[in-house]
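In what follows, a structure is listed as structure tokens, so that the remarks can point back to it.
These figures come from a predicted structure and were not determined experimentally. Side chains included, hydrogens not; waters and symmetry mates left out as well; all remaining heavy atoms used. Residue numbers start from 1 in every chain, and the chains themselves are labelled A, B, ... in the order their sequence lines are given, proteins ahead of strands.
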Amino acid sequence: MLATLTEDRFSDPDWIFERKLDGVRCLARRDRRGRVQLHSRNDKDMSGTYPEIAEALSAAVGSAGTDLVVDGEVVAFEGRRTSFERLQGRLGLTDPDEARATGIAVFYYVFDILHLDGHDVRRLPNLTRKRVLRDALTFDDPLRYVTHRRTAGEEAFRAACERGDEGVIAKRSAAPYTGGRSKDWLKFKCVRDQELVVGGWTNPRGSRSGFGALLVGYYDSDTLVYAGKVGTGFDGRLLHAVKDELDRLAADDSPFGRGRVTGKDVHWVRPELVAQIAFTEWTRDGRLRHPRFQGLRTDKAARDVVREQR
DNA sequence: TTCCGACAGTGGGGTCGCAAT
DNA sequence: ATTGCGACCCCACTATCGGAA
């Protein structure tokens, strides 16, 4: 069951609000003999990737039963914030010993239950399932129960962004657990945006026209620092309009003074265009995560574009 | 008729693993 | 030893089409 992104922030007595954690989605099954299997959203086996979670689940028998299927998020922390970047150090590993040897501590935040003691509980109301879940397991690290609040969705969202969380998930209290994306689960995502200077572009591929992505950066003193590519957020007309501007500014050499630009099929332009870019966060390597184009800005000089803090 | 949901296709950062260089 | 590539994770977004409203 997946959540639908929305711009609407609200409170409603028929909805509950949970923290949105930045990690990896994980479905866990435990059979009567205590054997546990962890599965990714694409049904890949992750039991070897997070052996301590499988172990904990095997031992965490609550008051209400033994075999079960639960849903949650595997996360790693960087300070107080959940960090997908840190978790990535374990993502590809399938050998339990190697996974443990990374030293990256992981936690399993469980927020839903699908089956318990041979019963399919997916059609029970969400709030009821949460109560069932609470009794079905014992929650000791690395297992954690995802708490919820029933009021002040807007305030929860504001506080989440303030804390550096990814956002808030709103869930309809009475909703069953269904397959696929549902409007009974909504994502309030914290968004960041800033202006960036366009310094180049890449070739389009396949059926794409105009260009593939823009190469963008910001000024640090007199140096234009590369900050990554932006390849989504354009419709057909915008692709051509922006491409015309790029052709007008064509240059032979890279304007970037810092940051290695990877990939072939790269073309440079004089750094004069300023684009408004939305994204989720800066990566450790100083790149934009989940970048998307929001428009060109004509009211700001390229030379004044700097990296905004945080 | 209009709107919505699902899908395919394009684009991003980052990591690991493996083959080619 | 280095580089390139695909397969995974996390996505955002546009275009399209068929069925629901």
Could you give the [atom1]-to-[atom2] distance, from [X] to [N], as a whole number of Å?
{"X": "A:Asp235", "N": "C:dA15", "atom1": "CG", "atom2": "P", "answer": "5 Å"}
{"X": "A:Asp95", "N": "C:dC8", "atom1": "CG", "atom2": "C1'", "answer": "17 Å"}
{"X": "A:Arg86", "N": "B:dT15", "atom1": "CZ", "atom2": "P", "answer": "13 Å"}
{"X": "A:Ile104", "N": "C:dC9", "atom1": "CD1", "atom2": "C1'", "answer": "14 Å"}
{"X": "A:Asn203", "N": "B:dT10", "atom1": "CG", "atom2": "P", "answer": "14 Å"}
{"X": "A:Gln88", "N": "B:dG13", "atom1": "CD", "atom2": "C1'", "answer": "7 Å"}
{"X": "A:His39", "N": "C:dC8", "atom1": "NE2", "atom2": "P", "answer": "15 Å"}
{"X": "A:Leu288", "N": "B:dG14", "atom1": "CG", "atom2": "C1'", "answer": "14 Å"}

Indicate yes or no for a side-chain donor-acceptor contact from [X] to the backbone of [Y] under 3.5 Å, with no hydrogens or angles considered.
{"X": "A:Arg90", "Y": "A:Ile104", "value": "yes"}
{"X": "A:Asp120", "Y": "A:Arg122", "value": "yes"}
{"X": "A:Glu78", "Y": "A:Ser83", "value": "no"}

Donor-acceptor pairs under 3.5 angstrom involving side-chain atoms of residues 206-214 of chain A: please list them, not counting sequence neighbours.
| residue | atom | partner | partner atom | Å |
| --- | --- | --- | --- | --- |
| A:Arg208 | NE | A:Phe211 | O | 3.0 |
| A:Arg208 | NH2 | A:Gly212 | O | 2.9 |
| A:Arg208 | NH2 | A:Gly231 | O | 3.0 |

So how far is it from A:His290 NE2 to A:Ile277 CD1, rounded to the nearest 0.5 Å?
->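 The NE2 atom of A:His290 sits 15.0 Å away from the CD1 atom of A:Ile277.
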Look at the side chain of [X] and decide which nucleotide, out of [options], has an atom nearest to it.
{"X": "A:Leu93", "options": "C:dC10, B:dG17, B:dT15", "result": "B:dG17"}
{"X": "A:Ser40", "options": "B:dG13, C:dC9, B:dT15", "result": "C:dC9"}
{"X": "A:Arg287", "options": "C:dC8, B:dG13, C:dC10", "result": "B:dG13"}

Pick the nucleotide of DNA chain B nearest each of A:Gly286 and A:Pro204; which residue has the one closer to the 5' end?
->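 Final value for this comparison: A:Pro204.
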Nearest-nucleotide comparison on DNA chain B, the residue closer to the 5′ end among A:Gly206 and A:Phe84 =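 Final value for this comparison: A:Gly206.
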So what does A:Arg25 hit on the nucleic acid, given a heavy-atom distance under 4.0 Å: a base, only sugar-phosphate, or nothing?
->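 Sugar-phosphate contact only.
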If you look at every strand shown and take non-hydrogen atoms under 4.0 Å, does A:Gly236 touch a base, only sugar-phosphate, or nothing?
->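 A:Gly236: backbone/sugar contact only, no base atoms under 4.0 Å.
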Ring centroid separation A:Trp201 to A:Phe293 under 6.0 Å =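 No, ring centres 6.0 Å or more apart.
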How about A:Phe17 and A:Phe157: are their ring centroids closer than 6.0 Å?
->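 Judged by ring-centre distance (under 6.0 Å), A:Phe17 and A:Phe157 do not meet the cut-off.
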Should B:dC7 form a Watson-Crick or G-U wobble pair with both distances under 3.5 Å, which nucleotide is its partner?
->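 Across any shown strand, B:dC7 pairs with none.
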Output a table of nitrogen or oxygen pairs between the protein and nucleotides 11-13 of chain C separated by less than 3.5 Å.
| residue | atom | partner | partner atom | Å |
| --- | --- | --- | --- | --- |
| C:dA12 | OP1 | A:Lys189 | NZ | 3.3 |
| C:dA12 | O3' | A:Arg292 | NE | 3.2 |
| C:dA12 | N3 | A:Thr232 | OG1 | 3.1 |
| C:dC13 | OP1 | A:Arg292 | NE | 3.3 |
| C:dC13 | O4' | A:Thr232 | OG1 | 3.0 |

Using a cut-off of strictly less than 4.0 Å, decide whether A:Lys183 has a side-chain nitrogen or oxygen near OP1 or OP2 of B:dC4.
->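 Indeed not, no polar side-chain atom of A:Lys183 lies that close.
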